[in-house]
Amino acid sequence: MSLKRIDLLICCGSGCISAGSLKVKERFQEVLADKGISSEVNIIETGCMGPCDYGPVLVIYPEGVFYKSVKPEDVEEIVTEHFLKGRPVQRLMLREEERLVSSQKEVPFYRKQVKVALANCGFINPESMEEYIATGGYEALGTVLTTMNPQQVIDVVKASGLRGRGGGGFPTHIKWQLVHDVESDEKYIICNGDEGDPGAFMDRSVLEGDPHRVIEGMMIGAYAIGATKGFFYIRAEYPLAIKRIRNAIKQAKEAGLMGENIFGSNFSFEAEVRTGAGAFVCGEETALIQSIQGERGNPTPKPPYPAVKGLWNKPTVVNNVETFANIPTIFLRGAEWFASMGTETSKGTKVFALTGDVNNTGLVEVPMGITLRELIFDVGGGMANGHEFKAVQLGGPSGGCLTREHLDVPVDYETLKERGAMMGSGGVIVMNDQKCMVNVAKFFIGFCVDESCGKCSPCRIGLKHMYNILDRITRGEGKEGDLEELQHLGETISRLSLCGLGQTAPNPVLSTIRYFREEYESHIRDHSCQTKVCTDLFHFMIDKNRCIGCSLCARKCPVSCISGSRDEKYTISQTECIKCGNCQDVCPVKAIDRIPGMHPDVLKQLQEKQNISIEE
Amino acid sequence: MTPISPQDNALYERLKEVIEETKSMRNPLIEVLRQAQDIFGYLPIEVQEFIAQEMNIPANKIYGVITFYNFFTMKPRGKYTINLCMGTACYVKGAPRLAQMMEEELGVKIGETTPDGKFTLSAVRCVGACSLAPVFVIGEDTYGRVDTRDKMSAILKRYE
Ligand SMILES: Cc1cc2nc3c(=O)[nH]c(=O)nc-3n(C[C@H](O)[C@H](O)[C@H](O)COP(=O)(O)O)c2cc1C
Ligand code: SF4
Ligand code: SF4
Ligand code: FES
């Protein structure tokens, strides 16, 4: 990558920056200058390397030594020991069962991963076009423009079996073919970087970590369909991604890789960035088009599909960031190579944001068809803090929860869908036995209620109704028949809504009712949240045997509902408690427990209130 | 921040430049609004009317767009905005509890600004630091795994 003796790669993905990687970088600059060896070390700020849990992470070449959780205080030691004396700092390296992991390649987190879309993320400086080119960047575009006609390009994509990575899994070549085949004076190509799934950051990492790859993929698509103008639609919450893409477009223009007659061909292309403004529904392609046109982001009925009548009523292809990121490699390494990975119907790899209660959270790319067990227990390193696995949520607000019995199903579009989940854009949230599924379902419905554009009533009113029922259940006011009503409503909303948001929003509820029915029933019938998550369905108790009568809890209680004395010990007046948990935090002898179930005093009060309202 | 008076010329000059720069774009309204919010901190009616006039777009359309997108606000914000992540990863790792602590600490609800104008408490979806969940962001700084009131107060004290 450079002529310097040492390449120091510092991960500057969002996870590592949050963990302090920029401070580590500054410290390196200071220490290297102090020792007079700045000229020997090439500091490269890379995009996300993946293992966010270990952040800030560094990799040092030529050896490929991987350091984790590096603090500014550690920098001096790395420089003197490793850079000057050639002795890697063992205490900052990863250990696997006492064995030292000597290089990045051996880190278990990477072992089952195959990097295509993420090939350069974490290896190159995303602000340098030269580094992208050094890895083979823009070679695919060159080959395409100088040796292939558009139909041949589409045929390669067809042979690769690539399907859209934005959620739906629509075969990319079909979309391209449709637009290729229509006659029009103008056609457009759009990169969907709205990434609305709350709890996912795949597209962001690609845009930030390897922007030229996405541009190259888009340009190959543009050539195939006959578009001369492209738009990147990126959410405003990702300022760095916006900056990096703008910068990359500028560099490509200056180098003549974008503009008129690229590579001496008669293909000309321009790209522009448009920013989203915080509306989940704008990830839906017709809403996105409205948004680029400066309108409210209300979806429009399909047909007509954007391929026929899209941006400014011209034929338009909308593809996800990761879809484009796969394209250059398909042309460099061949469609057969790409199609050799994955399952019958789902080819290639998929990027996931692995989060929740696993040991290794972060950004991963694995071959399609990997089992959930491998994803969670091998790549993810298993459950954190010795807890049991309970469920995994895939597909965000449109997706569903799967359970232990599904751990061996392969990750592909069809299999997940049959089980009530979906591939989605790649958010994977692993949950342990401390998580309440009713509460999770309520969270997702709450999200969709907030994000519904309000255009059609099943989605606007129906989802709100579902939310109210779930809310009642989590407050201990569930009734017999609630589950049937939820299912009925869910099916109706799915059938009658205009866009994908409404059509899929009931999925998290339907899938949790399907797999965790007892949990709903214990909320409704026993007024109890066994996982002690729903505030109204558990209570705090002071154990008199353990309580030492110090009064600390009583003094910290914001509603003064704890009383007692050193001799009598302390008790909580249950009907007044607001479940803030302060008492449990401050008790020096841990004498306060969470007990599942509504306290009898509170239940009595609730039932009296309900009786009164019935009599009225 | 005090409400903007139409005499705030420098700010309006900058907005005018932005509108000029985006003239070459087709339908640049959302870009203009985003930059206007950067300039003014929020989008009061006067700014909306100014944009309407300069861009020759009906004011009610601009209002419709602003109210549709969560990113735009018509209320002035505090000196610092605290963005609490309410994404899925943070939610399952205790964001609701963090929100409750934050509301108690500041004495305002999500969406409100403290009476001294120092902090605006707001909720966002995934900030991409899920491995540190639950997360909140103040300006450029991200804070993760804050699980007690004491730790939180210590962090807020750093902002003057
Ligand atoms: C409510 C909703 C939100 C969506 N959000 C996104 C998104 O954030 N990113 C994305 O690429 N696709 C999203 N989609 C899918 C897009 O409509 C579209 O299918 C996709 O961008 C096509 O690209 P692909 O074929 O490359 O996957 C969303 C769909 C719906 C219904
Ligand atoms: S389904 Fe919901 S989000 Fe989609 S158009 Fe209808 S109201 Fe809007
Ligand atoms: S949980 Fe909060 S309100 Fe309830 S007793 Fe403890 S300190 Fe008081
Ligand atoms: S869900 Fe909070 S940072 Fe991703």
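These figures come from a predicted structure and were not determined experimentally. Proteins come first, then strands; the chains are lettered A, B, ... in the order of their sequence lines, and each starts at number 1.
The shortest non-hydrogen separation linking A:Asp357 to B:Lys93 is OD1-CE, 3.2 Å. When all heavy atoms of A:Pro198 and B:Gly87 are compared, the closest pair comes out as CB-CA, 3.9 Å. Shown here for A:Gly297 and B:Tyr69, the closest heavy-atom pair between the two residues is N-OH, 3.2 Å. In terms of heavy-atom proximity, A:Cys580 sits nearest to B:Glu104 at CB-OE2, 4.1 Å. Contact record, A:Cys453 with B:Phe68: CB-CE1, 3.9 Å, taken as the closest heavy-atom pair. Minimum heavy-atom separation, B:Arg97 to A:Asn582: NH2-OD1, 4.0 Å.
When heavy atoms are compared at a cutoff of 4.5 Å, A:Leu363 does not approach chain B at all. For a residue to count as touching a neighbouring chain, one of its non-hydrogen atoms must lie under 4.5 Å from one of that chain's; by this rule A:Val430 does not touch chain B. Within the 4.5 angstrom heavy-atom criterion, atoms from both the backbone and the side chain of B:Arg26 approach chain A. Only the side chain of A:Arg204 comes within contact range of chain B, with at least one heavy atom under 4.5 Å from a heavy atom of that chain. At a 4.5 Å heavy-atom cutoff, the contact between B:Met86 and chain A is made by backbone atoms alone. In this structure, chain B has a heavy atom under 4.5 Å from the side chain of A:Thr355, while its backbone stays farther away. In this structure, chain B has no heavy atom under 4.5 Å from any part of A:Thr535.
Counting heavy-atom pairs under 4.5 Å between each of A:Val358, A:Asn360, A:Asp585 and chain B puts A:Asp585 at the top. Interface check for chain B: of the options A:Ala353, A:Gly15, A:Gly362, A:Ser291, the most heavy-atom pairs under 4.5 Å are formed by A:Ser291. Most heavy-atom pairs under 4.5 Å with chain B, from the set A:Glu295, A:Glu195, A:Arg235: that is A:Glu295. Of the listed residues (A:Ser14, A:Ala236, A:Ala277, A:Gly276), the one with the most heavy-atom contacts under 4.5 Å to chain B is A:Ala277. Of all the listed residues (A:Met431, A:Gln293, A:Gln393), the one sharing the greatest number of non-hydrogen pairs under 4.5 Å with chain B is A:Gln293.
A donor-acceptor pair under 3.5 Å is absent between the side-chain atoms of B:Asn27 and the main chain of A:Gly294, judged by distance alone. Between the A:Arg296 side chain and the B:Thr67 main chain, no donor and acceptor come within less than 3.5 Å of each other.
The number of heavy atoms from other shown groups lying within 6.0 Å of NZ (A:Lys23) does not exceed 12.
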Verify side chain to side chain contact (heavy atoms under 4.5 Å, CB included) between B:Thr88 and A:Phe447, making sure each step is shown before the conclusion. CA-CA 10 Å; B:Thr88 322; A:Phe447 177 85; over 6 Å; no
Audit row: A:Glu237, B:Arg125, side chain to side chain contact (heavy atoms under 4.5 Å, CB included) steps and yes/no: CA-CA 9 Å; A:Glu237 291 86 342; B:Arg125 314 287 186 190; over 6 Å; no
Side chain to side chain contact (heavy atoms under 4.5 Å, CB included), that's the test. Do B:Cys130 and A:Thr361 meet it? Break it down for me. CA-CA 8 Å; B:Cys130 312; A:Thr361 57; over 6 Å; no
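A 4.5 Å side-chain heavy-atom check between B:Thr142 and A:Ile17 finds every atom pair outside the cut-off.
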